[in-house]
Amino acid sequence: MRTATLGPAQRAESLAAMAERELDVLVIGGGVVGAGTALDAVTRGLSTGLVEARDWASGTSSRSSKLIHGGLRYLEMLDFALVREALKERGLLLERLAPHLVKPVPFLYPLQHKGWERLYAGSGVALYDAMSMARGHGRGLPAHRHLSRRHALRVAPALRKDALVGALQYYDAQMDDARFVTTLVRTAVSYGAKAANRARVTGFLREGERVVGARVQDVEAGGEYEIRARQIVNATGVWTDDTQAMVGERGQFHVRASKGIHLVVPRDRISSTSGLILRTEKSVLFVIPWGRHWIIGTTDTDWDLDKAHPAASSADIDYLLEHVNSVLAVPLSRDDVEGVYAGLRPLLAGESDATSKLSREHTVAHPVPGLVVVAGGKYTTYRVMAKDAVDEAVRGLDQRVADCVTEDVPLLGAEGYRALWNARARIAARTGLHVVRVEHLLNRFGSMAEEVLDLIAAEPSLGEPLPAADDYLRAEIVYAASHEGARHLDDVLTRRTRISIETFDRGTRSARDAAELMAPVLGWDKDHVEREVAHYEKRVEAERESQLQPDDLTADAARLGAPDIVPL
């Protein structure tokens, strides 16, 4: 199997190839479910296409809590099937499918009541661990443990002494959600799928009642393609109802958007060697280790405004700060916040008005011949959702198709990762990079880190850190454009790296250097570089303004003050 790239030439070739001959399956939506569906379909031997209107993972799949978890709180809701399924997927990702991208992370759960709470919460966490082990995919994580208050405060000195009487510590897993999706897309393309971002579906092709293809607009270069497919899978998340409306048929279910916001603060603002999980009156609040930072989230509120750019309001930020400060000895202030991001969860609309009570289960439907819809679910179970969507599509193909094999298909970069990790000191000596830099590359690219190192070998200046964003090397910016499908500066600073949320300037000081590194790969002239930098600065300005507004309506209006660099 070859390692595929998602550079400009590949994108153009993919669009032309998809329009040239009928596909077995065309997937609409380049989030984790769409990318997973494309990988599932192509590894069953089906000719497969994947199109995304914006950038890979530009919606929900880059704005999550970045956790791969079984959903401990769903045990309290007695949703054992969902937890069991998610724990199996967590184990597969940690051990087999993506050990370079998915890592264990400890959490501390402070206990506030003596006696009964330790018994109640301890029983839940013990069941969580037992269910993981029972599936045979939990051996890679340490078992939970009970801590006294003194021990808990040694683990997390940042906690107020009166905020706990003891604690439980357990493990889940985390990943960089946007990087994971890009790797999924590249893996699907390596197996023969055709994929193009910035390719927007504008309508469906019909023959009688049957959907036989889609009209796709090349948002970058202009022009429209007719892509025919025997089955189309709508995996557009919070845009599911909008995509369904193009068919002119009423959907069998509806998807509601629930907004969740997260804050990013420097690691030194909270003294702890473990993440935290806190109860709120509505849900749970996570404080998640994230490199040299913490991610604090999340909220859970209904959202019916702009889906492309959900905005965090001042009230959202105050809510998170208030709740996390209720347990911290040294409270956080607005000045401690480096980054803020908001995302939308696609929830299946139920009878309850409270979005926190809507289903995290997923569903698959075949509303009209030739069109399959998959919606709902959670990031951790994307592979199961993809399998169910392709199973449904296969029923309409009228031919024998192999069963799903993605349980045994590692993502690009997984093969050889552990051997390279063991050799990281030798790689550092060979390349002249510090071993910490090599570890950083291995944990972002796995064995594909060698491709980034090849760029540095050819141009040693690319081994220098990006100005004002020391965690990232200049080579990673070039690689994002040449290998990972980044088309714009925003793609690189927001999704291929996380500079937009990991620096107090939100990436504005790195913007020009990054754009100039991308320019030769993407054929930009000086004017184009200026446009990219100006657009990014306006985006950051609009986001900062939205975060000063008192409510969703005014925050949304402020965020929309910065238009997309490529209007859709």
Side-chain angles (χ1 to χ4, degrees), residues 1 4 6 14 18 22-52 56-57 60-61 68 85-86 88-93 96-98 101-102 137 175 177 180-197 214 227 229-237 240 346 361-366 370-415:
M1 184 190 74
L6 300 178
S14 286
M18 283 189 274
E22 184 183 51
L23 299 167
D24 290 324
V25 175
L26 173 65
V27 183
I28 305 170
V32 71
V33 176
T37 300
L39 178 59
D40 187 294
V42 76
T43 52
R44 297 195 199 199
L46 298 171
S47 60
T48 304
L50 172 64
V51 292
E52 159 60 40
W56 306 121
T60 303
S61 294
I68 295 291
E85 181 179 83
K88 176 190 173 184
E89 295 304 310
R90 184 191 72 177
L92 281 171
L93 289 164
R96 185 188 306 169
L97 303 184
L101 301 177
V102 180
H137 291 291
M175 47 70 219
D177 47 9
F180 189 94
V181 173
T182 300
T183 307
L184 259 182
V185 175
R186 288 187 69 187
T187 306
V189 172
S190 293
Y191 282 101
K194 305 298 180 185
N197 56 353
I227 300 177
R230 298 166 67 197
Q231 290 288 315
I232 294 179
V233 177
N234 174 6
T236 52
T240 297
E361 298 279 1
H362 68 273
T363 193
V364 175
H366 219 137
L371 180 65
V372 172
V373 187
V374 55
K378 55 203 289 282
Y379 201 113
T380 304
T381 56
Y382 81 90
R383 196 191 63 82
V384 179
M385 296 174 67
K387 173 188 177 298
D388 291 348
V390 178
D391 282 346
E392 185 62 36
V394 163
R395 293 191 184 97
L397 286 178
D398 195 26
Q399 71 181 69
R400 182 164 179 78
V401 176
D403 291 337
C404 172
V405 297
T406 53
E407 195 169 313
D408 298 304
V409 178
L411 302 195
L412 286 184
E415 291 288 349

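Quantities reported herein were computed from a predicted structural model and do not represent experimental measurements.
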- Message: Are Val409 and Leu97 packed together at the side-chain level, in the sense that at least one heavy-atom pair is separated by less than 4.5 angstrom?
- Response: no
- Query: Considering only heavy atoms from C-beta outward, does the side chain of Thr381 approach that of Arg90 to under 4.5 Å?
  - Reply: no
- Please name the pair of heavy atoms, one in Ser61 and one in Val181, separated by the smallest distance, quoted to 0.1 Å. CB-CG2, 3.9 Å
- Side-chain heavy atoms of Val374 within contact of Val33, under 4.5 Å: yes
- Query: Does a salt bridge link Asp408 with Arg96, judged by any charged N lying under 4.0 Å from a carboxylate O?
  - Reply: yes
- Task: Mind checking the CZ-CG spacing from Arg44 to Asp403? Nearest 0.5 Å is all I need.
- Result: 6.5 Å
- Query: Of all heavy-atom pairs between Ser190 and Ala4, which one has the smallest distance, and what is that distance?
  - Reply: OG-N, 2.9 Å
- Side-chain contact test, heavy atoms from C-beta onward, threshold under 4.5 Å: evaluate it for Leu26 versus Val233 and give yes or no. no
- Test Leu101 against Thr183 for side chain to side chain contact (heavy atoms under 4.5 Å, CB included), laying out the working first. CA-CA 9 Å; Leu101 301 177; Thr183 307; 3.8 Å; yes
- Check: Thr380 side chain, Ile68 main-chain N or O, donor-acceptor pair, under 3.5 Å: no
- Lys88/Glu85 ion pair, N-O < 4.0 Å: no
- Task: Find the distance between OG1 (Thr182) and CH2 (Trp56) and round it off to the nearest 0.5 Å.
- Result: 9.0 Å
- Query: Within the distance-only criterion (no hydrogens, no angle test), does the side chain of Glu52 pair as donor or acceptor with the backbone N or O of Gly30 below 3.5 angstrom?
  - Reply: yes
- Query: Do side-chain atoms of Tyr379 reach the backbone of Val32 as a donor and acceptor pair under 3.5 angstrom?
  - Reply: no
- Message: Just verifying a value: how many Å separate Thr187 OG1 and Leu412 CG, rounded to the nearest 0.5 Å?
- Response: 3.5 Å
- Item | Least distance between heavy atoms, Ala235 atom then Val27 atom | CB-CG1, 4.4 Å
- For salt bridge (Lys or Arg N to Asp or Glu O under 4.0 Å), just list the numbers for Asp40 and Arg383, CA-CA rounded to whole Å, side-chain angles, deciding distance to a tenth of an Å, and then say yes or no. CA-CA 8 Å; Asp40 187 294; Arg383 196 191 63 82; 5.8 Å; no
- Task: Evaluate the side-chain proximity of Leu23 to Ile227: yes if any heavy-atom separation is below 4.5 Å, no if none is.
- Result: yes
- Heavy-atom side-chain contact between Thr240 and Val373 under 4.5 Å: yes
- Nearest-0.5 Å distance, CG of residue Leu92 to CD of residue Glu407: 5.0 Å
- Item | Any pair counted as ring-ring contact (aromatic ring centres under 6.0 Å, His included), so long as it reaches residues 382-412, sequence neighbours left out | Phe180-Tyr382
- Note on the structure: Heavy-atom closest pair (Val401 atom, Leu397 atom, distance to 0.1 Å) is CG2-CD1, 4.3 Å
- Item | Side-chain donor-acceptor pair present, Asp24, Ser47, cut-off under 3.5 Å | yes
- Task: Classify the side-chain pair Gln231/Arg395 by whether it contains a donor and acceptor separated by less than 3.5 Å.
- Result: no
- Query: What is the distance from atom CG of Leu371 to atom CD of Glu392, rounded to the nearest 0.5 Å?
  - Reply: 10.5 Å
- Note on the structure: Rounding to 0.5 Å, atoms CG (Leu184) and OG1 (Thr406) come to a distance of 9.5 Å
- Query: Taking it one step at a time, do Thr48 and Lys194 satisfy side chain to side chain contact (heavy atoms under 4.5 Å, CB included)?
  - Reply: CA-CA 6 Å; Thr48 304; Lys194 305 298 180 185; over 6 Å; no
- What's the shortest heavy-atom distance between Val25 and Ala229, and which atoms? C-CB, 4.3 Å
- Message: So which atom in Leu50 and which in Gly34 form the shortest heavy-atom distance, rounded to 0.1 Å?
- Response: CD1-O, 3.9 Å
- Query: Crowded around Glu415 CD? As in, over 12 foreign heavy atoms under 6.0 Å?
  - Reply: no
- Query: Tell me, do Glu89 and Val384 make a side-chain contact under 4.5 Å, heavy atoms counted?
  - Reply: yes
- Query: Quick one: does Leu46's side chain get under 4.5 Å of Val394's, heavy atoms only?
  - Reply: yes
